[in-house]
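The next block holds one structure in the form of structure tokens; read it before the comments.
Everything quoted here is computed from the prediction, not taken from an experiment.
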Amino acid sequence: MNGPKRAVGGRALAAALLLVAALVLILAVGTGRNPVSPPPSSSTGTASTVPSTTASASASSSESPSPTSATPSTPGDSPAASVTWTKVTPSGPVPAPREGQTWTVDPSSAVAYLFGGRGSADLNDLWAYDLTADGWTRLAPKGALPAARADHVAAWIDGLGLVVAGGRSGSKVLDDLWAYDPSANAWRTLATSGPRPAAFAGSCAVVTPDGRLWITGGRTTGGTYVAATWAYDPGPSTWTKQIVLGGNPQPAPRDGAACWWTSDGALAVYGGRSAAAPALGDLWTFDNAAKGGTWTPHGSAPLPPRARAAVGGSNAIVAVGGLGADGKPRADATSFDPRTLAATTLGTSGTAGSAPEASSGASLVDDPESERELVFGGRGSSGLSSEVWALTLP
């Protein structure tokens, strides 16, 4: 009698243990935890999917807000999620292929003005691109025209129109300042009083919320790299050199950098090229400029080295292409959150012809109504381009 009872008791105990183990397994699966070890990861995406490389940062909570460090998780040459490219076929005649031009949006009319650049020679032609209809129109301004040039800066300033400054015309570096008024279809020179920057080319520029045009970096006559930052105030038409407080690190003098104004009120500068490097992967902000600014480096790991990239955007700042550390054009992009400076490297995917070739010296405009960025021109391995491509961020 005792033997059969013990056997039944053993089976009951074994069943109970199996039930407990099953419950533990169900709970582990339901909470995403594996009681043993995680299996190797697998991808259900296409062959063109590439791993993400992201830099993160947090906004500063100091009295004078400025971004804190953006820290890439890995060095920046690993491409990440892919962007979507669409080739645009605009109506009308097409500008000649070129590099080093500017493309600037008048936000009140959804028109982007293309000026200058370098094709078979330096150019000073002016084109209007209708962002709504995707069409080019060559303009014929009345009166005097700015000298042909490339590697200049341009910005839209309310009350003045399209403002163009500096650049390189042949072997000459320029120090002039021009404005194009679409209503008058005419250029005019802008006279300034007081100190002004030396002739410059390859600077980066941005218009701040108060309507001032800021430029930083560039190269002067003779090819000397500079690090100075200047602001042009259109009211009194004067330039002011920004004071940099001593005792802090400063970026190396450079040209071909990307820059933008952060939502925290700082000038952000990314990449470019210096006397020591064909492309840089550092990120800096110039903070508290009104009180004497300080430069702040961001990131413990380098971003992709990038010089002469196409740069623009609003909800996200994106730098496309440019020259890499090997001096060759890049095909990828890096996007930045304008508040936190969080950076993501974005690769390209798809078959040949479904994205623009790697290039430098292109230009980019933001088209928020269509939720796209448009890229024009540049120089790639096949030469100069006059193509327009639309980029959609993931």
Next item on the list: Give a yes-or-no answer on whether the side chains of S237 and Y232 include a donor-acceptor pair shorter than 3.5 Å.
Entry: yes
Margin query: Looking at A140, is its backbone amide N or carbonyl O close enough to the side chain of N185 to form a donor-acceptor pair, meaning the two atoms are under 3.5 Å apart?
Written below: yes
Next item on the list: Taking S274 for its side chain and A276 for its backbone only, find out whether a donor-acceptor pair lies under 3.5 Å.
Entry: yes
Next item on the list: For residues F115 and L139, determine if any side-chain heavy atom of one lies less than 4.5 Å from a side-chain heavy atom of the other.
Entry: no
Check: Under a 4.5 Å side-chain heavy-atom rule over Ile, Leu, Val, Met, Phe, Trp and Tyr, are W261 and I157 clustered together?
Finding: no
Item checked: Same cluster (ILVMFWY, side-chain, under 4.5 Å), L126 and L145 -> yes
Next item on the list: With rounding to the nearest 0.5 Å, note down the distance linking OG in S370 to CG in L131.
Entry: 7.5 Å
Notebook entry, point to check: Should the ring pair Y180 and W187 be called parallel, tilted or perpendicular, given that the plane angle runs from 0 to 90° and is split at 30 and 60?
Noted result: tilted
Margin query: Are V105 and L364 linked, directly or through intermediate hydrophobic residues, by side-chain heavy-atom contacts shorter than 4.5 Å (ILVMFWY only)?
Written below: no
Item checked: Heavy-atom side-chain contact between C204 and W214 under 4.5 Å -> no
Margin query: Given 3.5 Å as the limit, does a donor-acceptor pair link the side chain of S203 with the main chain of G217, or not?
Written below: yes
Next item on the list: Considering only NZ, NE, NH1 and NH2 on the basic side and carboxylate oxygens on the acidic side, decide whether K142 and D181 come within less than 4.0 Å.
Entry: no
Checklist line | Distance-only side-chain donor-acceptor flag, T294 / N248, under 3.5 Å | finding: no
Check: Does any donor atom in the side chain of E99 or S360 lie under 3.5 Å from an acceptor atom in the other side chain?
Finding: no
Notebook entry, point to check: G377 and A362: which non-hydrogen atoms are nearest, and at how many Å?
Noted result: O-CB, 3.3 Å
Note to self: Tell me which pairs pass salt bridge (Lys or Arg N to Asp or Glu O under 4.0 Å) where either residue lies in residues 190-218, with sequence neighbours left out.
What the structure shows: D210-R212
Check: Heavy atoms, side chains only, cut-off 4.5 Å: are Q101 and S363 in contact?
Finding: yes
Checklist line | Residue pair Q242 / T240: nearest heavy atoms and the distance that separates them | finding: NE2-O, 3.1 Å
Check: Centres of the H152 and F200 rings: under 6.0 Å?
Finding: no
Next item on the list: Please round to the nearest 0.5 Å and tell me the distance separating atom CD of E373 and atom OG of S314.
Entry: 6.5 Å
Margin query: Test side-chain contact (heavy atoms from CB on, under 4.5 Å) on L391 and T84; report intermediate values, then the result.
Written below: CA-CA 6 Å; L391 176 152; T84 300; over 6 Å; no
Item checked: Shortest non-hydrogen contact between Y270 and L283, atoms and distance -> CB-CD1, 3.9 Å
Notebook entry, point to check: Do D233 and T238 have side-chain atoms, one donor and one acceptor, less than 3.5 Å apart?
Noted result: no
Item checked: Test item: side-chain donor near acceptor, E357 and S382, under 3.5 Å -> yes
Note to self: Using 0.5 Å steps for rounding, measure from the OG1 atom of T392 to the CZ atom of R372.
What the structure shows: 8.5 Å
Next item on the list: For W295, enumerate each residue passing the ring pair (Phe, Tyr, Trp, His ring centres under 6.0 Å) test, keeping only those at least two apart in sequence or located in another chain.
Entry: F286
Next item on the list: Say whether T229 and T216, considering side chains only, have a donor N or O and an acceptor N or O under 3.5 Å apart.
Entry: yes
Checklist line | Donor-acceptor contact below 3.5 Å, side chain N124 vs main chain P146 | finding: yes
Notebook entry, point to check: With a 3.5 Å cut-off and no angle check, do the side chains of R306 and T334 form a donor-acceptor pair?
Noted result: yes
Check: R98 side chain to A96 main-chain N or O, any donor-acceptor pair under 3.5 Å?
Finding: yes
Next item on the list: Answer whether the closest heavy-atom distance between the side chains of V318 and V311 falls below 4.5 Å.
Entry: no
Notebook entry, point to check: Same hydrophobic cluster for V365 and L162, using side-chain heavy-atom links shorter than 4.5 Å among ILVMFWY?
Noted result: no
Notebook entry, point to check: Roughly how far, to the nearest 0.5 Å, is the CG atom of L393 from the OG1 atom of T344?
Noted result: 9.5 Å
Notebook entry, point to check: Does the D122 side chain pair with the main chain of G170, one donor and one acceptor, at a distance under 3.5 Å?
Noted result: yes
Checklist line | Smallest separation among heavy atoms of D255 and A201, with atom names | finding: CB-O, 4.3 Å
Margin query: Taking the side chain as everything from C-beta on, heavy atoms only, tell me whether V83 gets closer than 4.5 Å to P394.
Written below: yes
Checklist line | Separation between OG1 of T189 and CG of L177, rounded to the nearest 0.5 Å | finding: 8.5 Å
Notebook entry, point to check: Going by an N to O cut-off under 4.0 Å, is there a salt bridge joining R330 and D332?
Noted result: yes
Notebook entry, point to check: Do the non-hydrogen side-chain atoms of T262 and P338 ever get within less than 4.5 Å of each other?
Noted result: no
Next item on the list: Taking all heavy atoms of P195 and all of W239, pick out the closest pair and write down the distance.
Entry: O-CB, 3.4 Å
Note to self: Quick check: W156 with W103 (ring centres under 6.0 Å apart)?
What the structure shows: no
Notebook entry, point to check: Which residue pairs pass the side-chain hydrogen bond (donor to acceptor under 3.5 Å, both in side chains) test when at least one of the two sits in residues 161-176, sequence neighbours left out?
Noted result: R149-D176, D151-R168, D176-W178
Checklist line | Within one Ile-Leu-Val-Met-Phe-Trp-Tyr cluster: L213 and L190, side-chain cutoff 4.5 Å | finding: yes
Margin query: Side chains of V269 and P251, heavy atoms from C-beta outward: is any pair under 4.5 Å?
Written below: no
Notebook entry, point to check: What distance separates I215 CD1 from L267 CG, expressed to the nearest 0.5 Å?
Noted result: 11.0 Å
Notebook entry, point to check: If every non-hydrogen atom of P141 is compared with every non-hydrogen atom of A186, which pair is closest and at what distance?
Noted result: CB-CA, 4.4 Å
Checklist line | Side chain E371, main chain E369, donor-acceptor under 3.5 Å | finding: no
Next item on the list: Apply side-chain contact (heavy atoms from CB on, under 4.5 Å) to the pair H298 and T285, showing each step before the final yes or no.
Entry: CA-CA 8 Å; H298 296 263; T285 55; 2.7 Å; yes
Next item on the list: Would you indicate whether the side-chain heavy atoms of L374 and V88 approach each other to under 4.5 Å?
Entry: yes
Notebook entry, point to check: Would R339 and D264 pass as an ion pair if we require N to O under 4.0 Å?
Noted result: no
Check: Between the side chains of W389 and E387, does any donor sit under 3.5 Å from an acceptor?
Finding: yes
